[in-house]
Amino acid sequence: QVRVVESGGALVQPGGSLRLSCEASGNIHSIEAMTWYRQGPGKQRELVAGIISDGRTNYRDFVKGRFTISRDNAKNTVALQMTSLKPEDTGVYYCNVAARSGANPSLIVNYWGQGTQVTVSS
């Protein structure tokens with residue numbers, strides 16, 4: 001079993017910064033990708049940024065230049081550094097981990113955390 005836990009959400013003023021963290025634990029064989037999603041009020045969940053095992057990253061246009069994703073492979077963690085935050089960045093931020101478990105290394109499974117709330121408001 002693989003467990004995913006996010007942290008770091010908070011209330012922040014527009015223009016402020018915040019750092020989210022996500023840790024995967026449990027019977028992990030390897031992690032293929034770690035991705036941040038968000039779901040704003042009344043909106044569908046959307047991809048924000050992702051990073052794969054070789055370090056390559058991808059970002060949605062609406063966060064390029066403002067958000068930075070980074071990963072610590074040794075600790076099975078991923079962080080999302082968010083700057084120049086806008087009210088439209090408000091939402092629950094979820095971490096998705098695409099991993100092979102120790103029980104079945106031939107299969108890649110997507111694991112989700114419970115989410116962490118980010119509110120950007122004055």
Side-chain angles (χ1 to χ4, degrees):
Q1 188 72 4
V2 177
R3 184 173 179 235
V4 177
V5 178
E6 305 97 335
S7 61
L11 170 64
V12 62
Q13 291 188 342
S17 299
L18 205 58
R19 183 178 177 86
L20 305 182
S21 297
C22 168
E23 180 179 13
S25 61
N27 189 9
I28 299 172
H29 177 268
S30 61
I31 293 177
E32 305 300 318
M34 303 182 87
T35 307
W36 285 99
Y37 288 78
R38 72 185 185 189
Q39 187 165 14
K43 298 180 181 179
Q44 291 189 331
R45 192 174 299 189
E46 60 184 358
L47 186 147
V48 175
I51 185 167
I52 60 177
S53 56
D54 65 3
R56 283 181 290 170
T57 59
N58 70 288
Y59 297 91
R60 294 294 300 278
D61 285 347
F62 52 75
V63 301
K64 283 183 178 178
R66 299 190 299 125
F67 291 11
T68 302
I69 190 170
S70 60
R71 176 174 170 175
D72 186 331
N73 290 333
K75 297 180 179 179
N76 292 333
T77 59
V78 63
L80 186 67
Q81 180 67 45
M82 306 185 293
T83 63
S84 302
L85 283 162
K86 305 175 182 180
E88 51 263 44
D89 294 318
T90 293
V92 180
Y93 283 67
Y94 296 92
C95 179
N96 174 278
V97 176
R100 302 175 186 272
S101 72
N104 192 353
S106 64
L107 186 65
I108 299 174
V109 178
N110 282 297
Y111 299 93
W112 291 90
Q114 293 299 306
T116 185
Q117 177 70 45
V118 172
T119 303
V120 184
S121 175
S122 55

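Note that the numbering runs from 1 along the sequence shown for the chain. Here the structure is a predicted model, which means the values were calculated and not measured.
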CD1-OG1 distance between Ile52 and Thr35, expressed to the nearest 0.5 angstrom: 9.5 Å

Pairs meeting criterion salt bridge (charged side-chain N to carboxylate O under 4.0 Å, His left out) with involvement of residues 20-36, two or more places apart: Glu32-Arg100

Flag, side chain of Asn104 to backbone of Ser101, donor-acceptor distance under 3.5 Å: no

Validation row: Trp36, Met82 side chains within 4.5 angstrom (heavy atoms): no

Value rounded to 0.5 Å, distance of OG1 in Thr90 from CD in Gln39: 13.5 Å

Student check: side-chain heavy atoms of Val63 and Leu80 closer than 4.5 Å: no

Test log, rule side-chain contact (heavy atoms from CB on, under 4.5 Å), inputs Asp89 and Arg38: CA-CA 9 Å; Asp89 294 318; Arg38 72 185 185 189; 2.8 Å; yes

Stepwise side-chain contact (heavy atoms from CB on, under 4.5 Å) test for Val120 and Lys86: CA-CA 6 Å; Val120 184; Lys86 305 175 182 180; 5.5 Å; no

From CG (Leu107) to NE2 (His29), nearest 0.5 Å: 12.5 Å

Minimal non-hydrogen separation, Tyr59 against Phe67, with atom names: CE2-O, 3.3 Å

Straight-line distance of Ser25 OG to Asn76 CG, nearest 0.5 Å: 8.5 Å

Cluster link Val92 to Phe62, ILVMFWY, side chain under 4.5 Å: no

Approximate separation, where rounding is to 0.5 Å, of Arg60 CZ and Tyr37 OH: 10.0 Å

Any residue meeting ring-ring contact (aromatic ring centres under 6.0 Å, His included) with Tyr94, in chain and number order, not counting sequence neighbours: none

Residue pair Val78 / Ile69, side-chain heavy-atom distance below 4.5 Å: yes

Joint cluster assignment, Leu47 & Met34, ILVMFWY side-chain distance < 4.5 Å: no

No-hydrogen, no-angle side-chain donor-acceptor test under 3.5 Å, Arg71 and Asn73: yes

Verify same cluster id: Val48, Tyr111 (apolar side-chain graph, 4.5 Å): yes

Which side-chain N or O atoms in residues 6-17 pair as donor and acceptor under 3.5 Å with protein atoms at least two apart or in another chain?
{"residue": "Glu6", "atom": "OE1", "partner": "Gln114", "partner atom": "N", "Å": "3.1"}
{"residue": "Glu6", "atom": "OE1", "partner": "Gly115", "partner atom": "N", "Å": "2.8"}
{"residue": "Glu6", "atom": "OE2", "partner": "Cys95", "partner atom": "N", "Å": "2.8"}
{"residue": "Glu6", "atom": "OE2", "partner": "Gly115", "partner atom": "N", "Å": "3.2"}

Beyond-backbone contact of Val109 with Val2, side-chain heavy atoms, under 4.5 angstrom: no

For Ile31 against Ser53, the heavy-atom pair lying closest together: O-CB, 3.7 Å

Donor-acceptor side-chain pairing of Gln81 and Thr83 below 3.5 angstrom: no

